[in-house]
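Since the structure comes first, as structure tokens, the remarks are kept for the end.
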Amino acid sequence: MIRVKKLGKARNEYIRSRLMELERLFPSGTIHPSETEGVSTKTGQIGTAVFTRRVTVFVEETSDTGPSEDRLSALDSFVTDFARYMIQQTRDFNHRISDVERMLEDITDLGSAMQKRTNREEALTLLKERLRSIPLPNPELQLLKTDPTEFRLRVIIDDTDKYFECLKAMASVVGELHRKYDFEIDVTLFQRSELSSIKENVEETITV
Amino acid sequence: MSQNLSQQHIEQSEHNKDFLQEIIANFPDYTDWIITVTFYFALHRVQARLLKDFNLDPDRHEHRNPMRSRNKLVQLLLPNYWEDYHTLYHESRKARYHPNYHKRINITDIRDLILDALKLFENVR
């Protein structure tokens, strides 16, 4: 004789509780009733039979379970917003690339400008040109031995009672050098009678 | 802070002016020190103005870093004072570093320069 554990009511209760759990997880789930009712057993043999019952849960796509209009609309908005966001991000990225390119150009220009601002040859050319426009009595330039960051010269003129006028005129030349160049600038005016008080450290003498 | 420091430079300038008046009155042959003190009277005035108006405090007469070069900053930012300031700077350097300035330059040579400088830089504050 087979004692068959007749699960019956307990089993159905168990199945129902699991279905409730499923319904909780899938609120719109629709379960075919026939899969959940009735259990059949065999008799005539002694032993223990364990019946397993596979419960297949069908979740049909119905108007309750399918994507709702609201959900579709929300999804559509999301995709549209996301596309807009990506487009904006790409535009912003391209703008940033353009900004970086412009900055690099500016840095290159700045580098060139800075090189120009420490161009000694150019500064000397400018100085000679400007000194020629001042009525200096017999001027001569002495370039002094200096560091690369310095621009040191003497302007030697004949003794004159217009020394301070010459000096004031030179102020505008030195001012222009300050505006255009980044050196330690030392352009000193001497009358020839003062030369004995000057230390000799001349690199080159140039006529103006 | 910079306003306080600016005021200190004005006070130093006044102190220098007082001394200048003493040496002009009592030691007129010391043209090397007269021109030098006049320069430092002017220097403290421009330093005060650079601090007050531009928050700049250059520590050298000349430097390759423009922010530290007082001469460059006077030329760029206080151009109306540049010509006189440069003249004072130039002459005070010669007076300090090249011997016998006082023998070559007498008080009448620099009288106008000193008077003009006192009038001009008095207004810088």
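Reckoned from all heavy atoms, side chains included, excluding hydrogens, waters and symmetry mates. Numbered from 1 within each chain, the chains take letters A, B, ... in sequence-line order.
Using a 4.5 Å cut-off between heavy atoms, B:Arg60 does not touch chain A at all. At a 4.5 Å heavy-atom cutoff, the contact between B:Asp84 and chain A is made by side-chain atoms alone. Only the backbone of A:Phe183 comes within less than 4.5 Å of a heavy atom of chain B; no side-chain atom from C-beta onward does. B:Pro99 touches chain A through backbone and side chain together, each having a heavy atom under 4.5 Å away.
More than 12 heavy atoms of other shown residues, nucleotides or ligands fall within 6.0 angstrom of atom CZ in B:Phe54. Residue-environment remark: CZ (B:Arg111) stays at or below the threshold of 12 foreign heavy atoms within 6.0 Å.
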Set out, in order, the CA-CA distance, both residues' side-chain angles and the distance that settles side-chain contact (heavy atoms from CB on, under 4.5 Å) for A:Thr118 and B:Arg64, then state yes or no.
CA-CA 10 Å; A:Thr118 53; B:Arg64 60 183 166 154; over 6 Å; no
Can A:Thr149 and B:His63 be said to form a side-chain contact (heavy atoms from CB on, under 4.5 Å), step by step?
CA-CA 9 Å; A:Thr149 60; B:His63 198 276; over 6 Å; no
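In this structure, the separation between CZ on B:Arg93 and CG on A:Asp186 is 4.0 Å, given to the nearest 0.5 Å. A distance of 6.5 Å separates NZ in B:Lys94 from CD in A:Gln191, rounded to the nearest 0.5 Å. Expressed to the nearest 0.5 Å, how far OH of B:Tyr101 lies from CD of A:Glu194 amounts to 8.5 Å. Atoms OH and OG1, on B:Tyr89 and A:Thr188 in that order, are 7.5 Å from each other to the nearest 0.5 Å. The CG atom of B:Leu113 sits 6.5 Å away from atom NZ of A:Lys168, with the distance rounded to the nearest 0.5 Å.
Aromatic ring orientation, A:Phe190 versus B:His98: perpendicular (interplanar angle above 60°, classes split at 30° and 60°).
Panel note: side chain B:Glu62, backbone A:Ile185; a donor-acceptor pair is recorded below 3.5 Å. Side chain of B:Lys72 to main chain of A:Tyr181: a donor-acceptor pair is present (N/O by atom type, distance under 3.5 Å, no hydrogens or angles). A donor-acceptor pair under 3.5 Å is formed between the side chain of B:His90 and the backbone N or O of A:Leu189.
Closest approach of A:Phe164 and B:Asp109 over heavy atoms only: CE1-O, 3.7 Å.
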